[in-house]
Protein chains: 2
Amino acid sequence: MPKTEHSHHPAFDRKLALILRYAARVFSEKGFEGASVRDISRASGVSLSGLYYYFESKQKLLYLIQLYAFSNIVRRLEERLAAVTDPVVRVRILVRNHLDYFLHHPAEMKVLSHEADELEGRFRREIAEIKKRYYSLALGIFEDLRSSGAVRRMNPRVAVLSLFGMMNWIYTWYNPKVDPSPEAIADTMAGIFLEGVANGHRPLRVSNGRANRVAHSTRREPEFAVRAAS
Amino acid sequence: MPKTEHSHHPAFDRKLALILRYAARVFSEKGFEGASVRDISRASGVSLSGLYYYFESKQKLLYLIQLYAFSNIVRRLEERLAAVTDPVVRVRILVRNHLDYFLHHPAEMKVLSHEADELEGRFRREIAEIKKRYYSLALGIFEDLRSSGAVRRMNPRVAVLSLFGMMNWIYTWYNPKVDPSPEAIADTMAGIFLEGVANGHRPLRVSNGRANRVAHSTRREPEFAVRAAS
DNA sequence: TACATTTTCGAACGAACGTTCGACTCAGGC
DNA sequence: GCCTGAGTCGAACGTTCGTTCGAAAATGTA
């Protein structure tokens, strides 16, 4: 019984993950509507009808790609935030985590950013829920930053969505041959955002030192290692 | 002789402009690939084959939408910049102009931001050229700002593209029922960017617009004189 | 009126689309 | 040897796609 939700042989899951990687690449190159299942067949080497043994529709394929990518980003972020309370550092971790994943998974990044509106029905609702959780997490961090007295008067929704705009738009221009490293870009964007929302009453480039000794240095957090996909 | 490049009866141009508006709306709702010419036929009330009297291909339709929208944005910007030399004010004008057009033309905004990669061949090259001119203009303003000594060390490409990210990503979240006015959002984003790139050695909060030194005769040839739609 | 030009559209074209179906191969367990 | 289920695929289904074409309608000109 294939195509059910859980409990396949490991070989099944492994091949599905392989297909998802090829599909993400095809979707990122031709767009979800512009890419055909035949394109994915050609790219993955699996026959057209053979693909449907692993997923039941093109929509589900997109759903799975977005689900896995989003889940990875949110899970990693929550892990990295667990030990940090300083809102300034938490913002830096958010930006770093986001761009770290994006720039090391360019195909998934583009599918997440560019094909966010293609899902329908249940698939759409589930992805929207994860996305909202992610946004709320970021908004909470920003509100903490504001509570600490370091942010000037501004609409928090506009501020946080501006930050996401900076980070997500990168799929349209990032070129590893020309642009700085993911870490450097993350530092630049986090700097623009943090200084950009600051009220100038206290320095924001340094942790404001609450009951929190983690990551007292603003510059080099321990390197965020990226594991292989899946 | 229809469908040639120039010199039609005014009625032809008027109806083409009408079709372009309906097409922009359809493209913004279903995406370029996801929308069919039959959808545009239904939305505009013109028969399927009747549409092809006004444009020769679906690609050309997208090209015309992007060309007119981009030309308008760049032309308006150059007009508004002509009398201003202060780099800080010039940045504010850039942001205001961009968001002003975007938020008052939501369909065209989404087509510009989301369907930038769908054109091919000559169409693609021509739009890319306008876009590059727009980006270079923004980069020039940023370099002026930097020359004035107000910007801290950072990669100018990353900075300017971060600003465009803030502005362009808005098509994914802007809701006129919930969000502030276009002008307020523009001020917030310009503020985040200007404070965000500042080095803190001098105040960047400058009175808006007027009472500015004029000069700097950057003459503008009206090569992109496109009629204002809407 | 009669003619020429501009504008419209129904019908159809071939191509490509997502998906299905039944037959096939190939293991591993009896 | 035979059975079962997982995995694979060629062929085809019905639908929709962008585009074309010739003829009809509408409009302008004398």
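Chain letters run A, B, ... following the sequence lines, proteins first and then strands; every chain starts at 1.
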*asked:* Working note: A:Y68 + A:H105, criterion ring pair (Phe, Tyr, Trp, His ring centres under 6.0 Å); need CA distance, chi angles, decisive distance, verdict.
replied: CA-CA 12 Å; A:Y68 290 173; A:H105 301 80; over 10 Å; no
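Between the CZ atom of B:F55 and the C1' atom of D:dT19 there is a distance of 10 Å, given to the nearest Å. Taking atom CD of B:Q59 as the reference point, atom P of D:dG18 lies 11 Å away to the nearest angstrom. The interatomic distance linking A:E33 (CD) with D:dT16 (P) rounds to 14 Å, in whole Å. Put simply, NE2 on B:H9 is 7 Å from P on C:dT7, counting in whole angstrom units. Atom P of nucleotide D:dC13 and atom OH of A:Y52 are separated by 18 Å, given to the nearest angstrom. For A:K60 and C:dG18, the NZ to P distance is 18 Å, given to the nearest whole Å. The separation between B:L18 atom CG and C:dT7 atom P is 14 Å, rounded to whole Å. Going from atom CZ of B:F12 over to atom C1' of D:dA26 covers 17 Å, rounded to whole Å.
Between B:R75 and B:E78 there is no salt bridge, since no side-chain nitrogen of the basic residue lies less than 4.0 Å from a carboxylate oxygen of the acidic one.
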*So what's the dot-bracket for DNA chain C: Watson-Crick or G-U pairs under 3.5 Å, [ ] if a pair crosses, | if it pairs off-strand?*
.|||||||||||||||||||||||||||.|
Sequence neighbours left out, cut at 3.5 Å: what donor-acceptor pairs do the side chains of residues 22-31 of chain B make with other protein atoms?
residue : atom : partner : partner atom : Å
B:S28   : OG   : B:A24   : O            : 3.4
B:S28   : OG   : B:R25   : O            : 2.8
B:K30   : NZ   : B:D39   : OD2          : 3.3

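A donor-acceptor pair is defined here as one N or O able to donate and one able to accept, closer than 3.5 Å; such a pair exists between the side chain of B:S71 and the backbone of B:L67. One N or O on the side chain of A:Q59 and one on the backbone of A:E118 form a donor-acceptor pair closer than 3.5 Å. In this structure, the side chain of B:R157 does not engage the main chain of A:D179 through any donor-acceptor pair within 3.5 Å.
Stacking of B:K58 on the aromatic ring of B:F32 is recorded, both the 6.0 Å distance cut-off and the 45° axial limit being met. Cation-pi geometry between B:K60 and B:F123 is not met at under 6.0 angstrom from the ring centre and within 45 degrees of the axis.
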*At under 4.0 Å between heavy atoms, which parts of nucleotides 8-14 of chain C does protein reach? Answer with one letter per nucleotide, 5' to 3': B base, S sugar-phosphate only, - none.*
BBB-B--
